[in-house]
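Beneath this line is the structure, given in structure tokens, with notes to follow.
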4 protein chains.
Amino acid sequence: MFIRIDLNSEETLYSQLSNQIKYGIAKGYLKPGEDLPSVRGLASELGINLHTVAKAYNRLKEEGIININRSRGVKVSKQVLTNRGTDYETILHGKITKLVSEGICHGIEKDEFMQMVEKIFDGLEGEQK
Amino acid sequence: MFIRIDLNSEETLYSQLSNQIKYGIAKGYLKPGEDLPSVRGLASELGINLHTVAKAYNRLKEEGIININRSRGVKVSKQVLTNRGTDYETILHGKITKLVSEGICHGIEKDEFMQMVEKIFDGLEGEQK
Amino acid sequence: MFIRIDLNSEETLYSQLSNQIKYGIAKGYLKPGEDLPSVRGLASELGINLHTVAKAYNRLKEEGIININRSRGVKVSKQVLTNRGTDYETILHGKITKLVSEGICHGIEKDEFMQMVEKIFDGLEGEQK
Amino acid sequence: MFIRIDLNSEETLYSQLSNQIKYGIAKGYLKPGEDLPSVRGLASELGINLHTVAKAYNRLKEEGIININRSRGVKVSKQVLTNRGTDYETILHGKITKLVSEGICHGIEKDEFMQMVEKIFDGLEGEQK
DNA sequence: GTGGTCTAGACCACA
DNA sequence: GTGGTCTAGACCACG
């Protein structure tokens, strides 16, 4: 797995985990429909608690990014990358607004910010194929 | 004040507060050098504890966005909007990467995301004058 | 613990506490990676409030000297003793300048001051092994 | 005057002021026996409160660094640079120990620290004569 | 009147 | 169990 957990981060473990899975999907490391490791498997691979992995998976399920099935295991949703949740645009708008506000406070210009976004998008989608 | 606190939000109170102050600065409601309400004043206006306000103010101080002065109160930094901290670009890069990854997982396209950013920037900076 | 708090000191409690922890690390009483007492444990041992201990710990965390982890407790950073913060030299320079200026005002000679520094260093590092 | 006050500093105004006067003496800008500005004069020159200057002067008087006389004004003590207070070495020892401990925690080596001290001493005393 | 420190005690999220 | 957040109320230093 491509996942790296930082035990000393401010961010909670389950949040790091779900963010890295999102990153992995965006980057193309994980394809729609692909299997994810079992809760137990990933927990032991990362050396963290089973409940922590379960919590991360549940958050992703609630976001519609993965599917969890008792018998068939955990899979990346087939609709990921194409299908957005009902209110996602509103949520995203709020998150971007926060980030842009903060950026402006630190003297980041619009062009600079947008170039950063563009570069990050290209870096992610370039490898998705 | 333009600040609204949601006691039921997932976000902590002090974090809501500091984010809204950043928004107020980005939007131009608060100018560089301008006074902010006293810790006690804002706390009673919002109906929250003074220590919560103090914590929000201290976070902003650490980010270099405001200045706090015992006995002279709290002011928006004069360097805000123009001066960025040493590592801020790295921090921002990480935050944008998380957000873009999540967006991609929800089927947001690059163009759509960038238009959103642009519109938000214009909405904020337009009123700054 | 080797920590002693003086309730009548001019220095704040949390500052005394963080200074003594720095001393303990420099002296070798606390090793990199080692556990520190829990916030509540140390507070009750010292007979002070847990928030005071938490504040001291948080200052040390911001300096990069310890790591704090919700639910795994507090540890001396493994990079302590080897890794300095970006601006630490500038900060240290300012602090030494103040101290040297004061020393000169009190008739301390350069040789005397430097011998004092040397002796203190030897006393601390001698026991670090 | 060579004194510069930073209203946004963490350090209190009176403490900045007394430290800068010590620095001025160490640097040779102020000679033993020389007059200092009156409380009122310095306060208005720096644009700060009269009580703040008075407090700084009183601290320096308690340290034996200046003399205050109702009719003759404020003067740098003639014994400054040559005469130390009774317990000054103990106080200095404590202050250096704190600083050295902190330095060690940040990976400062003995040689590096001592070179810094030496350079600072030379920079100050070189201009004293 | 300002923010800073300290105490006391509650509840919550994490793992 | 851990630290984090929030409340409540006291006292102090600064200017």
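A note on names: the letters A, B, ... follow the listed sequences, proteins ahead of strands, and every chain is numbered from 1.
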Using 4.0 Å as the upper bound for N to carboxylate O, is an ion pair formed by K78(C) and E34(C)? no

DNA chain F nearest-nucleotide lookup for G73(C) and Y14(B): closer to the 5′ end is G73(C)

Its dot-bracket string being built from Watson-Crick and G-U pairs below 3.5 Å, with | for another strand and [ ] for crossing, DNA chain E has the pattern ||||||||||||||.

Among the nucleotides dA15(E), dG4(E), dC6(E), whichever has the atom closest to the side chain of N58(B) is dG4(E)

Check nucleotides 9-12 of chain E against the protein and report each pair of N or O atoms closer than 3.5 Å, with its distance, or say if there are none.
residue : atom : partner : partner atom : Å
dG9(E)  : O6   : H51(C)  : NE2          : 2.7

Calculate the interatomic distance between L42(B) atom CG and dC6(F) atom P; express it in whole Å. 14 Å

From C-beta outward on S38(B), which listed nucleotide comes closest to its side chain: dT7(E), dC6(F), dT2(E)? dT2(E)

At under 4.0 Å, does any side-chain N or O of K55(B) touch on OP1 or OP2 of dC6(F)? no

For R59(B), enumerate each residue passing the salt bridge (Lys or Arg N to Asp or Glu O under 4.0 Å) test, keeping only those at least two apart in sequence or located in another chain. none

When you get a sec, tell me which of dT7(F), dG1(E), dT5(F) is the closest nucleotide to the side chain of S71(B)? dG1(E)

Atom-to-atom span, CG of L13(A) to P of dA13(E) - whole angstrom: 17 Å

On DNA chain F, does the nearest nucleotide to K61(C) precede the nearest nucleotide to T12(D) from the 5' side, or the other way round? Give the residue. K61(C)

